[in-house]
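What follows is a set of notes on a single structure, which appears directly below.
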Amino acid sequence: MNFRFKQPEDSPGFLLWQLTNQWQRAQRNALAKLELTHAQFVVLASVLWLSSQPDNIVTQQQISAHSKIDKMSMSALTKTLVQKKLLVRTAHANDGRAYSLALTEKGHKLVLKAIPIVERIDADFFTKDTTQLVQLVHNLKHLIHN
């Protein structure tokens, strides 16, 4: 066989996969107590964040672009969050092709409860070596935006 790497552990993609799975497992376990998946949390937190911007009507497309969740997954997540009465989805006032999203009171309370939990998991998970963490964050931002 002809592999580029001598060992799987030499592959940055494989290492990122492993690290992501460890981090997601920690988030999943913590958010399960609130009956939320991590993806559902990301949508709710994104709605909260984007709706805090002046005069912004939040759309599914904006959430999808902000979170990098693909459109099909975003649609399914929105449907689930509406069924759970955490989001309200209405026709956009200015764009007949778009839907606006807003947190319900229940969704607003839940995401505010979830944010410190998610931030605590991040703090615990990523504070093992701050010098290397700063470089990792820099590299990840560069990769995402290029």
Side-chain angles (χ1 to χ4, degrees), residues 5 7-95 97-146:
F5 302 105
Q7 305 176 72
E9 293 76 18
D10 294 336
S11 167
F14 185 60
L15 293 173
L16 183 60
W17 170 260
Q18 290 178 316
L19 183 66
T20 300
N21 276 298
Q22 289 175 351
W23 172 76
Q24 286 179 334
R25 187 177 313 110
Q27 292 290 1
R28 185 173 44 251
N29 291 339
L31 289 169
K33 298 167 187 146
L34 299 178
E35 298 180 8
L36 275 180
T37 67
H38 193 240
Q40 291 169 352
F41 165 78
V42 169
V43 172
L44 294 174
S46 294
V47 172
L48 179 68
W49 173 256
L50 292 173
S51 65
S52 71
Q53 309 306 308
D55 301 322
N56 193 23
I57 299 172
V58 180
T59 65
Q60 282 184 219
Q61 174 59 33
Q62 284 177 304
I63 301 298
S64 182
H66 174 77
S67 63
K68 307 293 189 251
I69 296 173
D70 67 84
K71 291 178 184 179
M72 295 273 293
S73 296
M74 183 65 214
S75 182
L77 285 163
T78 299
K79 183 178 178 180
T80 298
L81 291 167
V82 167
Q83 288 172 346
K84 292 173 90 171
K85 301 190 182 330
L86 301 174
L87 275 184
V88 176
R89 180 180 180 246
T90 57
H92 192 282
N94 304 327
D95 185 350
R97 300 165 296 155
Y99 291 97
S100 62
L101 300 176
L103 295 170
T104 63
E105 185 176 338
K106 179 182 174 183
H108 190 262
K109 287 179 181 178
L110 186 62
V111 74
L112 291 179
K113 197 174 187 178
I115 288 170
I117 293 169
V118 168
E119 289 177 346
R120 182 181 42 77
I121 297 296
D122 281 355
D124 292 348
F125 192 84
F126 291 109
T127 56
K128 294 174 177 96
D129 185 337
T130 48
T131 305
Q132 289 182 353
L133 176 63
V134 169
Q135 187 61 47
L136 174 64
V137 169
H138 172 77
N139 291 343
L140 291 173
K141 284 180 181 179
H142 178 74
L143 289 170
I144 289 169
H145 296 294
N146 286 329

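- With a 4.5 Å cut-off on side-chain heavy atoms, L48 and I115 count as touching.
- The CD atom of Q24 sits 10.0 Å away from atom CG of L19, with the distance rounded to the nearest 0.5 Å.
- To the nearest 0.5 Å, the span separating CG on L15 from OG1 on T20 amounts to 10.5 Å.
- In this structure E35 satisfies the side-chain contact (heavy atoms from CB on, under 4.5 Å) test with no other residue, sequence neighbours excluded.
- Proximity of F125 to Q27: side-chain heavy atoms (C-beta onward) are nowhere separated by under 4.5 Å.
- Qualifying side chain to side chain donor-acceptor pair (under 3.5 Å) partners for W49, counting only residues two or more places apart in sequence or in other chains: none.
- Rounding to the nearest 0.5 Å places CG of L77 at 10.0 Å from NZ of K84.
- Taken from NZ in K113 to NZ in K33, the straight-line distance is 12.0 Å, to the nearest 0.5 Å.
- Under the 3.5 Å distance criterion, the side-chain polar atoms of S64 are matched with a main-chain donor or acceptor of I69.
- Counting only distance, with no hydrogens or angles, the side chain of S46 and the backbone of I63 share no donor-acceptor pair below 3.5 Å.
- By the side-chain contact (heavy atoms from CB on, under 4.5 Å) test, L110 is found to be paired with L34, L36, L86, residues two or more places apart in sequence or in another chain being considered.
- V88 has its side chain out of reach of L101: every pair of non-hydrogen atoms, C-beta onward, lies at least 4.5 Å apart.
- Taking both residues in full, the closest heavy atoms of V58 and Q62 are given as CA-OE1, 3.0 Å, listed atom of the first, atom of the second, then distance.
- Checked against side-chain contact (heavy atoms from CB on, under 4.5 Å), N29 has the following partners two or more places apart in sequence or in another chain: R25.
- Heavy-atom neighbours of E105 CD from other residues, nucleotides or ligands within 6.0 Å: at or below the threshold of 12.
- When side chains are defined from C-beta on, Q40 does not count as touching V43, because their heavy atoms never get closer than 4.5 Å.
- Residues F41 and A114 approach most closely at CD1-CB, 3.6 Å, considering heavy atoms.
- From Y99, atom OH reaches atom CZ of R89 across 4.5 Å, with rounding to the nearest 0.5 Å.
- Sorted pairs that involve residues 136-146 and meet salt bridge (Lys or Arg N to Asp or Glu O under 4.0 Å), not counting sequence neighbours, are lacking altogether.
- The structure places CG of N21 at 9.5 Å from CG of L16, a figure rounded to the nearest 0.5 Å.
- The aromatic rings of W23 and F126 sit tilted, their planes meeting at an angle between 30° and 60°.
- Pairs of residues two or more places apart, or lying in two chains, never qualify as salt bridge (Lys or Arg N to Asp or Glu O under 4.0 Å) while including a residue from residues 58-79.
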